[in-house]
Number of protein chains: 2
Amino acid sequence: MDRMTASAPGRPGAGETSVTRVLGILDLFTPEAPVWTADTMIEHLLLGRATIYRYVRALCDAGFLVPVAGAGYALGPRFIEFDRNIRLADPLLHIVPPVMAELRDTVAGGQLLCAFYGLRVLAVLQDKTDPDITMSMERGRPFPLFQGSPSRVILAHLPTYRLRNLALNHQAAIAAAGLGQNWAEFRDGLRAVRRMGYLVASDIDKALVGISAPIFHAPGSVVASLCLVRTKERVTPDDAAYLGRLAVTACQRISAELQAFRLRQTDAAFPVSRVR
Amino acid sequence: MDRMTASAPGRPGAGETSVTRVLGILDLFTPEAPVWTADTMIEHLLLGRATIYRYVRALCDAGFLVPVAGAGYALGPRFIEFDRNIRLADPLLHIVPPVMAELRDTVAGGQLLCAFYGLRVLAVLQDKTDPDITMSMERGRPFPLFQGSPSRVILAHLPTYRLRNLALNHQAAIAAAGLGQNWAEFRDGLRAVRRMGYLVASDIDKALVGISAPIFHAPGSVVASLCLVRTKERVTPDDAAYLGRLAVTACQRISAELQAFRLRQTDAAFPVSRVR
DNA sequence: ACGAAATTCTCATATTGCGGGATTTTAGCG
DNA sequence: CGCTAAAATCCCGCAATATGAGAATTTCGT
């Protein structure tokens with residue numbers, strides 16, 4: 001009943017396999033509850049003691065969990081290592097920082113680089129100057145797929161067949177986010193965004209305005225977005241338009257470098273997500 | 001035969017379970033080979049096509065893998081999210097940055113915070129001023145357990161029974177690292193380090209000197225070390241002694257804050273690794 | 001060194017994973 | 001926008017392997 005595996009939405013309690021259950025254990029570990037004892041897991045997952053210990057042992061051996069003093073387990077070092085592996089392999093993290101540095105003074109607020117991962121949009125890089133903006137430890141922060149300018153500008157540049165899939169599988173979330181009650185509305189709204197080239201929105205943090213433009217891994221294939229952020233009272237309509245153009249040109253440069261980088265690579269190997 | 005699961009050393013090919021195999025898939029994904037196709041995995045893991053696809057699907061659903069354009073899979077967003085969760089729950093990352101900032105000008109080189117995770121030591125935070133020192137994207141960088149001042153100063157402060165375990169299970173690695181041919185030598189060498197309070201070494205990067213002191217989560221329980229780094233030619237013996245004392249006092253402050261933090265927490269819940 | 005608590009082991013049972021191949025879906029082209 | 005090669009899923013019998021209760025063992029802090 002607590003199969004709320006944030007990871008496999010839309011498929012409620014289906015496909016109960018041992019692998020699923022083991023991976024499900026990791027879902028327990030949140031910032032609010034970072035330590036779990038074996039007994040607590042047994043209670044919450046309704047599994048036998050031996051089974052839980054088998055699972056936990058497998059995860060510990062692999063470094064995904066770590067026993068902590070005082071009896072309990074916490075997320076292990078392997079996640080930190082893998083995040084580094086991802087960072088090392090991600091050309092965006094080499095290309096974007098200098099661009100962010102250039103924009104820093106003009107933006108006079110904050111910047112966020114968000115990557116598109118199939119059904120998820122994640123902050124992967126940040127840059128901040130305005131102390132009024134609370135943005136820290138943002139890498140890894142998830143963004144709702146249908147809210148916020150970083151996500152929506154990415155959506156707007158997805159190929160039609162992907163959008164159609166999304167519209168079919170997530171129409172409730174789309175409607176809830178005000179992106180349209182049906183396929184036509186959804187598509188037309190995004191088309192308008194695409195025509196504009198950038199998106200100004202204030203729907204995640206009402207005190208902030210985000211101005212986002214898309215980054216392409218290849219012509220017609222979005223992988224990320226750059227979001228320029230300012231507090232609301234410091235953005236006039238003219239500012240928004242100016243920052244929008246700024247974001248678009250910056251993203252064009254980033255995209256160009258990304259494609260140049262990709263051509264340099266022998267085996268074209270840079271993560272670009274697909275929707276299933 | 002390619003059971004080189006970096007995660008469970010000492011237990012070569014034992015305990016082949018489906019969970020082990022699924023987690024083993026993730027071991028394939030290295031910075032050098034960040035993208036794998038289903039067929040390549042089948043080749044390397046000698047599993048049936050349907051099985052690999054089942055495994056990969058489970059990992060994708062959980063966000064640990066992501067399908068990439070051009071047919072293949074790469075490490076997924078979940079690792080980035082979990083690393084953030086760990087960062088958010090780790091009091092060291094709140095306590096240490098201001099200390100590093102204070103030391104920055106005096107150290108005039110680099111600083112590394114390394115955490116102890118059972119059998120692994122990992123960089124978790126860095127700070128650099130000297131451009132001659134190449135240190136970037138260090139969070140997540142693994143350190144050999146028996147080499148380098150960050151690891152060895154941690155070892156030196158482990159309780160005896162943990163050291164005895166290590167000596168039993170890793171005597172080859174210990175000898176290879178020059179930490180002694182037997183238990184007595186190993187223990188005595190570390191005791192000397194413990195007496196000194198800090199450790200000066202240059203065994204990982206020969207061009208650099210690292211000066212490390214231990215950080216305690218509770219009296220007698222090491223969880224991390226702070227390593228002050230300079231290029232070798234900029235460290236006289238007097239410098240080393242001075243930086244050593246500097247590191248020790250900084251670490252004492254950090255430890256005190258850590259324990260104060262721990263007392264504030266309702267449910268004592270900060271990851272401290274144990275050795276099995 | 002000791003004792004309480006945490007973890008692993010044992011083993012019979014039947015649930016669940018495996019694999020070869022047919023089928024469906026997908027991506028990206030013209 | 002429809003099509004085609006390629007990728008991913010489904011099917012299903014067989015048997016390997018996961019499960020859980022409780023006993024045995026190891027671990028860790030005092």
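Every chain is numbered from 1 and lettered A, B, ... according to where its sequence line falls, protein lines coming before strand lines. All values below were derived from every heavy atom in this structure, side-chain atoms included, with hydrogens, water molecules and symmetry-related copies excluded.
- The CZ atom of A:Arg164 sits 13 Å away from the C1' atom of D:dC1 (whole-angstrom rounding).
- Computed from coordinates, the B:Leu163 CG to D:dC28 P distance equals 13 Å when rounded to whole Å.
- Straight-line distance from the CD1 atom of B:Ile42 to the C1' atom of D:dA8: 11 Å, rounded to whole Å.
- If you find the closest nucleotide of DNA chain D to B:Asp39 and to B:Pro159, the one lying nearer the 5' end belongs to B:Asp39.
- For A:Ser212, the side chain to side chain donor-acceptor pair (under 3.5 Å) criterion is met by A:Ser149, not counting sequence neighbours.
- A:Tyr55 pairs by the side chain to side chain donor-acceptor pair (under 3.5 Å) definition with A:Arg21, not counting sequence neighbours.
- Residues in residues 145-159 of chain B take part in these salt bridge (charged side-chain N to carboxylate O under 4.0 Å, His left out) pairs, two or more places apart or across chains: B:Arg152-B:Asp203.
- Taking a cutoff of 4.0 Å between a charged side-chain nitrogen and a carboxylate oxygen, A:Asp27 and B:Arg78 qualify as a salt bridge.
- A close approach under 4.0 Å does occur between a side-chain nitrogen or oxygen of A:Thr17 and OP1 or OP2 of C:dG17.
- In this entry the distance linking CD of B:Glu16 with C1' of C:dG17 reads 14 Å, nearest Å.
- A close approach under 4.0 Å does occur between a side-chain nitrogen or oxygen of A:Tyr161 and OP1 or OP2 of C:dG28.
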Scan the side chains in residues 185-198 of chain B for donor-acceptor partners under 3.5 Å anywhere in the protein, sequence neighbours excluded, and list what turns up.
unit_1, atom_1, unit_2, atom_2, d
B:Glu185, OE1, B:Gln181, N, 3.0
B:Glu185, OE2, B:Asn182, ND2, 3.4
B:Arg194, NH1, B:Ala156, O, 2.6

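- Considering only residues two or more places apart in sequence or on other chains, B:Glu81 meets the side chain to side chain donor-acceptor pair (under 3.5 Å) condition with A:Arg120.
- To the nearest angstrom, C1' of D:dA8 lies 12 Å from CE of B:Met41.
- If you take OH of B:Tyr73 and C1' of C:dA27, they are 13 Å apart, rounded to a whole angstrom.
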Which protein N or O atoms sit under 3.5 Å from an N or O of nucleotides 19-22 of chain D?
unit_1, atom_1, unit_2, atom_2, d
D:dT19, OP1, A:Arg21, NH2, 3.2
D:dT19, OP1, A:Tyr55, OH, 2.3
D:dG20, OP2, A:Gly48, N, 3.2
D:dG20, OP2, A:Thr51, OG1, 2.3
D:dG20, N7, A:Arg54, NH2, 3.3

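- For B:Tyr53, no side-chain nitrogen or oxygen approaches OP1 or OP2 of C:dT24 to under 4.0 Å.
- In this structure, the CG atom of A:Leu158 is 16 Å from the P atom of C:dT26, given to the nearest Å.
- B:Phe216 is linked by a ring pair (Phe, Tyr, Trp, His ring centres under 6.0 Å) to B:His157, counting only residues two or more places apart in sequence or in another chain.
- Here the side chains of A:Ile25 and A:Val22 are not in contact, with every heavy-atom distance at 4.5 Å or above.
- For A:Arg164, there are no side chain to side chain donor-acceptor pair (under 3.5 Å) partners, not counting sequence neighbours.
- Overall, the helix from C:dA1-D:dT30 to C:dG30-D:dC1 carries an axis bend of 90° between its ends, with five pairs at each end and the value rounded to 10°.
- Straight-line distance from the CZ atom of A:Arg57 to the C1' atom of D:dT25: 13 Å, rounded to whole Å.
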